[in-house]
Amino acid sequence: MLIELKTIEKININKFQRDLIAWFKQEQRDLPWRKDQDPYKVWVSEIMLQQTRVDTVIPYFNRFIEWFPTIESLADADEDKVLKAWEGLGYYSRVRNLQSAVKEVKEKYMGKVPNTPDEIAKLKGVGPYTAGAILSIAYGLPEPAVDGNVMRVLSRILSIWEDIAKPSSRKVFEKAVRELISHEEPSEFNQALMELGALVCTPTSPSCLLCPVRDHCQAFSEGVQNDLPVKTKKNKQRVIELATVVLTDDSGKFLIHKRPDNGLLANLWECPNIEIHHPMQTEREKIADLFMDSHHLDIEIEKAIGQIEHVFSHLVWNIKVYTGKIRTFHQPGNGEWKLASLEEMENYAFPVPYQKVFKMYKEKNERH
DNA sequence: GATACGTGGCA
DNA sequence: TTGCCAAGTAT
């Protein structure tokens with residue numbers, strides 16, 4: 001059951017659209033994915049921008065389009081290379097879903113991104129926001145594209161006190177956008193709402209005095225812009241204790257392991273590691289036994305070189321880092337393992353916590 | 001509906 | 001330093 005939006009009746013929709021879009025045309029940032037409306041590039045940019053800042057995305061987007069300029073090139077690429085292009089961006093299932101969806105577009109839609117809500121929403125990794133963004137920006141269709149910016153901006157303009165942390169709230173805002181959106185310039189309208197949220201109608205201390213639609217804003221007229229949107233907080237992360245070993249063989253190659261193809265950091269590479277359930281387990285002589293038990297790895301621990309804390313959105317890793325030597329190596333049964341030279345390592349994607357591990361290893365080595 | 005899923009920046 | 005956030009989606 002949707003709440004009635006009485007406040008939308010107070011908006012002069014035509015003037016609101018004009019003020020908003022005029023501001024956007026004047027003030028919009030010059031961004032690499034705004035050079036054209038290639039549906040593939042719009043799609044890539046929208047996936048990258050999920051939960052990720054524009055400044056972070058820009059260099060990743062440029063390199064990704066260099067490496068994979070077309071649907072076909074991405075569909076045919078090795079997954080390790082695709083993950084390498086995403087290394088450091090986070091939420092890695094985004095790019096695995098993207099490649100999977102791009103393969104589907106290549107095969108099922110002759111390489112052309114579909115332009116109907118039903119077809120596009122079925123693609124892996126394309127939810128309601130991304131579907132609306134592609135349909136409006138690449139195809140000029142008047143579909144809502146409701147992200148966090150849009151909810152924040154509209155919660156203020158229309159004085160909507162729904163908790164935007166609740167998934168069900170999105171429907172309220174989609175309904176509002178359907179009433180407000182410009183049918184002449186839906187792309188500009190949707191992007192303007194998001195751009196306004198990013199540049200003016202910011203989460204904290206919004207710049208209302210610079211706002212092009214201030215005169216339409218209920219929150220501003222009531223002085224409650226700092227109380228909106230309503231957003232409940234999330235829970236604290238749980239902590240996981242890990243021990244990891246930078247393992248080398250006699251020729252100086254590193255032993256690395258490919259993570260499982262689902263869950264956290266799926267299909268990325270890491271140093272061999274184990275979860276520590278009891279503090280006593282970090283005693284140096286116990287560590288090697290644990291690696292034998294859990295990975296059938298015959299190793300010798302040399303020394304502990306430090307501790308790394310890595311904070312994820314939902315958990316924290318405390319990693320104790322060791323160096324060690326491989327005694328005898330044979331492929332352990334579980335998962336994919338590789339003995340890789342420094343040069344070969346460049347081809348594999350490591351999540352940030354393990355980039356920190358290698359950085360620590362390198363720094364410790366350079367002092368000798 | 002609640003939780004899993006990354007990372008870096010900033011108050 | 002700690003916590004919150006930033007153009008969400010899958011399960």
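Per chain, numbering begins at 1; letters A, B, ... match sequence-line order.
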Chemist: Check this for me: does any side-chain nitrogen of one of A:E66 and A:R63 sit under 4.0 Å from a carboxylate oxygen of the other?
Modeler: no
Chemist: Determine, using ring centers only, whether A:Y361 and A:F254 are less than 6.0 Å apart.
Modeler: yes
Chemist: Look at the side-chain N and O atoms of A:Y92 and state whether any lies under 4.0 Å from the OP1 or OP2 oxygen of B:dT7.
Modeler: yes
Chemist: Of the candidate nucleotides B:dT7, B:dA2, B:dA4, which contains the atom at the shortest distance from the side chain of A:F312?
Modeler: B:dT7
Chemist: Between atom CD in A:E309 and atom P in B:dG6, what is the gap in whole Å?
Modeler: 18 Å
Chemist: Specify the separation, in whole Å, of atom CD of A:E46 and atom P of C:dA6.
Modeler: 17 Å
Chemist: Using a cut-off of 4.0 Å on non-hydrogen atoms, how would the nucleic acid contact of A:I47 be classed: base, sugar-phosphate, or nothing?
Modeler: nothing
Chemist: Specify the separation, in whole Å, of atom CD of A:E174 and atom C1' of C:dT9.
Modeler: 14 Å
Chemist: Side chains of A:L20 and A:E188, heavy atoms from C-beta outward: is any pair under 4.5 Å?
Modeler: no
Chemist: Would you mind reading off the distance between A:D147 atom CG and C:dA6 atom P, rounded to a whole angstrom?
Modeler: 11 Å
Chemist: Can you check the A:N267 CG to B:dC5 P distance for me, whole Å?
Modeler: 14 Å
Chemist: Show, in sequence, the C-alpha distance, side-chain angles and deciding distance for A:K106 and A:D76, and conclude whether the salt bridge (charged side-chain N to carboxylate O under 4.0 Å, His left out) test is met.
Modeler: CA-CA 10 Å; A:K106 178 188 170 188; A:D76 296 342; 2.9 Å; yes
Chemist: Classify A:V57 by what it touches in the nucleic acid, base, sugar-phosphate, or nothing, heavy-atom distance under 4.0 Å.
Modeler: nothing
Chemist: Could you list all the ring pair (Phe, Tyr, Trp, His ring centres under 6.0 Å) pairs where at least one residue sits in residues 169-210 of chain A, not counting sequence neighbours?
Modeler: none
Chemist: How many whole angstroms separate atom CH2 of A:W43 from atom P of C:dG8?
Modeler: 18 Å
Chemist: Show me the side-chain donor-acceptor pairs of residues 126-138 of chain A shorter than 3.5 Å, one per line, residues at least two apart or across chains.
Modeler:
residue: A:Y129; atom: OH; partner: A:E46; partner atom: OE1; Å: 2.5
residue: A:T130; atom: OG1; partner: A:Q50; partner atom: NE2; Å: 2.9
residue: A:S136; atom: OG; partner: A:G132; partner atom: O; Å: 2.8
residue: A:S136; atom: OG; partner: A:A133; partner atom: O; Å: 3.3
residue: A:S136; atom: OG; partner: A:N190; partner atom: ND2; Å: 3.0

Chemist: Taking only the P atom of each, what is the distance from C:dT11 to B:dG6 in whole angstrom?
Modeler: 14 Å
Chemist: Decide whether A:K320 and A:T244 meet the rule of one side-chain donor and one side-chain acceptor closer than 3.5 Å.
Modeler: no
Chemist: Of the candidate nucleotides B:dC5, B:dG6, C:dC5, which contains the atom at the shortest distance from the side chain of A:L315?
Modeler: B:dC5
Chemist: Using heavy atoms to find the nearest nucleotide of DNA chain C for A:Q50 and A:T202 separately, return the residue whose nucleotide is more 5′.
Modeler: A:T202
Chemist: Given C:dA6, B:dA2, C:dG8, identify the nucleotide with an atom nearest to the side chain of A:P167.
Modeler: B:dA2
Chemist: Within the structure, does a side-chain N or O atom of A:H314 lie under 4.0 Å from either OP1 or OP2 of B:dT3?
Modeler: no
Chemist: A:R152 CZ to C:dC5 P: how many Å, rounded?
Modeler: 10 Å
Chemist: By nearest atom, which of the nucleotides B:dT7, C:dT9, C:dA6 is closest to the A:P203 side chain?
Modeler: C:dA6
Chemist: Where the side chain of A:T52 is defined as all heavy atoms beyond and including C-beta, which of B:dC5, C:dA6, B:dG6 is the nearest nucleotide?
Modeler: B:dG6
Chemist: Suppose we call a contact any N or O donor and acceptor under 3.5 Å apart; does that hold for the side chain of A:S313 and the base of B:dG6?
Modeler: yes
Chemist: Among C:dG8, B:dG1, B:dT7, which nucleotide has an atom closest to any side-chain atom of A:S168?
Modeler: B:dG1
Chemist: Between A:E143 and A:R178, is there a side-chain N and carboxylate O pair less than 4.0 Å apart?
Modeler: yes
Chemist: Can you check the distance between C:dA6 and B:dC5, where both ends of the measurement are the P atom (answer in whole Å)?
Modeler: 23 Å
Chemist: Which part of the nucleic acid, if any, lies within contact of A:R259, taking any heavy atom under 4.0 Å across all strands shown: a base, the sugar-phosphate backbone alone, or nothing?
Modeler: nothing
Chemist: Using atom CH2 of A:W86 as one end and atom C1' of B:dC5 as the other, report the distance to the nearest whole Å.
Modeler: 13 Å
Chemist: Report the residue (A:L49 or A:L123) whose heavy-atom-nearest nucleotide on DNA chain C is the more 5′ of the two.
Modeler: A:L49
Chemist: Listing time: all N or O pairs from protein to nucleotides 8-11 of chain B that are below 3.5 Å?
Modeler:
residue: B:dG8; atom: N2; partner: A:R53; partner atom: NH1; Å: 2.4

Chemist: Can a donor-acceptor pair be found, under 3.5 Å and without considering hydrogens, that links the side chain of A:D298 to the backbone of A:R327?
Modeler: no
Chemist: Mind checking A:K166 for me? I need base, sugar-phosphate or nothing, with any heavy atom below 4.0 Å counting as a touch.
Modeler: nothing
